[in-house]
S.K.: 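The structure under discussion is supplied below as structure tokens; questions concerning it will follow.
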Amino acid sequence: MRKFLVCGMALCLLACALAPAAWAWEDAAESLLDGGKGISEQLRTLDADTLLEELGELVRGQLAEPVRMLARAVALLLLCAGVQGIAGDSEWSTPMKTVLAAVVFLEVSDPILALLTDVGDTVQQCSVYLGAFVPTFTGILISCGQPGAAAVYSGMFLTVANLTAQVITGLALPLLHIFLALHAAACIGGLDGLPDAANLLYRAARWVLSMLSMVLGGVLGLQSILAHGSDSLALTAGKFFTGSIPVVGSLASSAAGSVLAGLKVLKGTLGVAAIGGLAVMFGPVLIRCTIYGVGLRLAAALSKALALDDGQRILEGLAKGVELCCALMVYFFMLVVIATALMIVTGGGG
Amino acid sequence: MESIRLYGFFLITLMLVSLLKQYQPAYGLIAVLAALTLAMGAALGWALPFFQWVQSISSLADMQGLGSVMKAAGVALLTRCVQELCRDAGQNALAVAVDFAGRCMILAAAMPVMQRVLDVLMRLLQ
């Protein structure tokens, strides 16, 4: 009897202690759900004008740094052309060309290095997201009595998505870094053998990415699950934009239906948070990659027009690297969108 | 007007040097040296606003490599002049020495840039 009394008193004390925390948690959960509903409602009612306005803001925000780099590169190239004109085609042109190539590389390398770091960080975040998210969701599916769907989902994405993420972070990105270093050293030093070696590394990085995109293309055999209601105009626009991306452009173009349908599934469900997360994660870096790529190509064209051959080769090499980064970002974007959309569809959330 | 004056100065110097070389070759060389110094001084006077403009751009846009480029270009130009002078005087060995010294000076001017390039390459390879 005494034991029961002690237990009862202990339970009462425990309840008194935990009740405020429980009420607080309940309030927090309610406010979180309300907030989530608000965001969800905002995203559901997002019209084309607002979306374009937001996109314009995002692009404007990312435009400043690449435009500054382009302006500096143009000013430097004009001055270099003047200096090369003074040096003329004499025997002094060789050491002058080396100095000019080094200066051109130096002026554009800092923002490109920062961009490469950002791309690496984003890919790493993505890799962590996939590595944590896929097994967790598989566990939830199994606990909810859907072992078949869990097996398909985990078998497909735990192996494919995680493997590709690891291959890209561990192999393709380091190859790209070595390519950029070797290419710049070859152009500055005027070494004949190095550009071939550098191009070999670039081709290897492209090859790795194209192999992985083939694997993803195989996985996208599941696109029939997603591609039901994709808007034909949006699909055409998506194919038009993705067709120009190197390496994964054709894959992105053919998977545009799945990605658009995936985005639609996410927009129509609780995946609105995923859309926001993806936009925050990929949007700025992808836009910056694109603008830097265009800027570097423009600077390379100007360099060619001013007969600064080494500068042109350096800028083209950097542009190739940035375009490959862009391809990496598009690949990961597709991977994450399709993984998240498939999770919602297989879980019955769509 | 200044350019016409300069070209006139060069033409007169050319005639003077051609005359001197026939009778006193040593004085011819001295005349060439004097004319070269005067011409370089005048050219530097014209180029000074350009150098100041480049310096202002360099500090405005934080282009640290531009100073090295201008220094290297100046060294290349001066070395070329002195080298040709040595060749005109028939001193080929001296011309080679001047060439070597000029290249060393360009390397020294480009040293900070090369160090920074090396740092960037190391960061890429890390």
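So that the names make sense, note that chain A is the first sequence line, chain B the second, and so on, each numbered from 1.
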S.K.: What part of A/I188 gets closer than 4.5 Å to chain B, counting heavy atoms only: side chain, backbone, both or neither?
M.R.: side chain
S.K.: Sort B/M70 into side chain, backbone, both or neither according to what part of it lies under 4.5 angstrom from a heavy atom of chain A.
M.R.: side chain
S.K.: Do other residues, nucleotides or ligands put more than 12 heavy atoms under 6.0 Å from B/Y27 OH?
M.R.: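 Incorrect, the count does not exceed 12.
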S.K.: Does the B/S68 side chain pair with the main chain of B/V113, one donor and one acceptor, at a distance under 3.5 Å?
M.R.: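 A pair under 3.5 Å: no.
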S.K.: For the residue pair B/L36 and B/C81, what are the closest heavy atoms and their distance?
M.R.: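 In this case the closest contact between B/L36 and B/C81 is CD2-CB, 4.3 Å.
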S.K.: With a 6.0 Å cut-off (strictly less than), is the heavy-atom count around CE of B/M111, excluding the residue itself, greater than 12?
M.R.: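 Open: at most 12 neighbouring heavy atoms sit under 6.0 Å from CE of B/M111.
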S.K.: Judged by atom type as modelled, is there a donor-acceptor pair below 3.5 Å linking the side chain of A/S303 to the main-chain atoms of A/Q312?
M.R.: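 Here the side-chain-to-backbone pair exists.
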S.K.: Can you tell which of A/A102, A/A184, A/A185 has the highest number of heavy-atom pairs within less than 4.5 Å of chain B?
M.R.: A/A102
S.K.: Under the salt bridge (charged side-chain N to carboxylate O under 4.0 Å, His left out) test, which residues partner B/E84, sequence neighbours left out?
M.R.: B/R87
S.K.: With chain B as the partner chain, list the residues of residues 170-180 of chain A whose heavy atoms fall under 4.5 Å from it, by residue number, and write 'none' if nothing qualifies.
M.R.: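 So far as heavy atoms go, A/H177, A/I178, A/L180 are the residues that approach chain B to under 4.5 Å.
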S.K.: As an exercise, state the distance from CG of B/D88 to CG of B/L33, rounded to the nearest 0.5 Å.
M.R.: 11.5 Å
S.K.: Less than 4.5 Å to any heavy atom of chain B: does that hold for the side chain of A/T98, its backbone, both, or neither?
M.R.: both
S.K.: Would you say the side-chain atoms of A/S109 pair up with the backbone N or O of A/L106, donor to acceptor, closer than 3.5 Å?
M.R.: yes
